[in-house]
Amino acid sequence: MPGRAALIAVAAALAGCGPDETLTAYGGAGAWQLVEIAGQAATGALTLEAGGGVTGAGPCNGFSARQTAPYPWFELTALEITEIACPDLQAEARYIQALLAATLAEVSGDTLLLSTEDGTQLVFRRQP
């Protein structure tokens with residue numbers, strides 16, 4: 001039986017070495033600028049960058065998080081954000097709340113669309 005337990009442990013370890021199934025692997029890698037949130041033009045510099053993790057910035061603060069849900073699902077975890085006040089803090093808070101509520105992602109060319117369960121959509125354009 002010890003050999004069987006070792007084989008199961010190796011198989012479990014290798015299962016984590018599979019291909020990347022996150023947004024990054026499906027055209028979402030790179031830098032994005034938020035242009036619309038809930039049908040309204042986005043105000044302020046609100047960005048998102050997907051790579052090994054997700055980073056971004058609002059007009060006041062930067063953030064980083066993990067996104068491990070398989071595409072087209074989207075879920076941010078382990079969010080870390082700086083805490084600097086500025087006049088655009090309300091717009092930034094709205095962005096972060098919507099980003100954390102996002103559950104679906106769609107990449108189409110230079111557009112990234114994140115959607116929440118209540119129908120809120122965040123529309124991003126790829127940055128050069």
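Nearest heavy-atom pair, Trp32 versus Thr111, reported as atom, atom and distance to 0.1 Å: CZ3-C, 3.7 Å. Across all their heavy atoms, Gly27 and Val107 have their closest contact at O-CG1, 3.4 Å. Between Leu99 and Phe74, the shortest heavy-atom distance links the atoms O-CE2, 3.9 Å. What you find for Pro59 and Leu46 is that their closest heavy atoms are CD-CD2, 3.4 Å.
Note: Leu34 CG to Leu112 CG = 9.5 Å, rounded to the nearest 0.5 Å. Going from atom CG of Leu113 over to atom CD of Glu36 covers 9.0 Å, rounded to the nearest 0.5 Å. Between Leu23 atom CG and Glu106 atom CD the span is 11.0 Å, to the nearest 0.5 Å. Rounded to the nearest 0.5 angstrom, Leu100 CG and Glu75 CD are separated by 10.0 Å. Between Gln33 atom CD and Thr47 atom OG1 the span is 6.5 Å, to the nearest 0.5 Å. Separating the CG atom in Asp110 from the CD atom in Gln127 is a distance of 11.5 Å, to the nearest 0.5 Å.
Each of Leu89 and Leu79 belongs to its own hydrophobic cluster when Ile, Leu, Val, Met, Phe, Trp and Tyr are linked at side-chain heavy-atom distances under 4.5 angstrom. By the rule that hydrophobic residues join a cluster once side-chain heavy atoms approach within less than 4.5 Å of another member, Ile96 and Val35 end up as members of separate clusters. One hydrophobic cluster, built from ILVMFWY side chains closer than 4.5 Å, holds both Ile81 and Tyr95.
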Evaluate Thr55 against Phe63 for side-chain contact (heavy atoms from CB on, under 4.5 Å), listing each step before the verdict. CA-CA 6 Å; Thr55 60; Phe63 68 88; 5.9 Å; no
Could you go through the side-chain contact (heavy atoms from CB on, under 4.5 Å) check for Thr43 and Asp88 one step at a time? CA-CA 9 Å; Thr43 59; Asp88 291 332; over 6 Å; no
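Considering Tyr26, Tyr71, Trp73 in turn, Tyr26 is the only one that fulfils the side chain to side chain donor-acceptor pair (under 3.5 Å) rule with Glu21.
Judged purely by atom type and a 3.5 angstrom limit, Arg126 uses its side chain to pair as donor or acceptor with the backbone of Ala29. Side-chain N or O atoms of Thr24 include none that pairs as donor or acceptor with a backbone N or O of Gly28 at under 3.5 Å. For Thr82 (side chain) and Gly62 (main-chain N/O), a donor-acceptor pair under 3.5 Å exists by modelled atom type.
Side-chain contact check for Asn61 and Glu92: at least one donor-acceptor pair (N or O, by modelled atom type) lies under 3.5 Å.
Within 6.0 Å of atom CZ in Arg94, more than 12 heavy atoms from other residues, nucleotides or ligands are found, so the atom counts as buried in its surroundings. Within 6.0 Å of the CD atom in Gln90, the count of heavy atoms belonging to other residues, nucleotides or ligands does not exceed 12.
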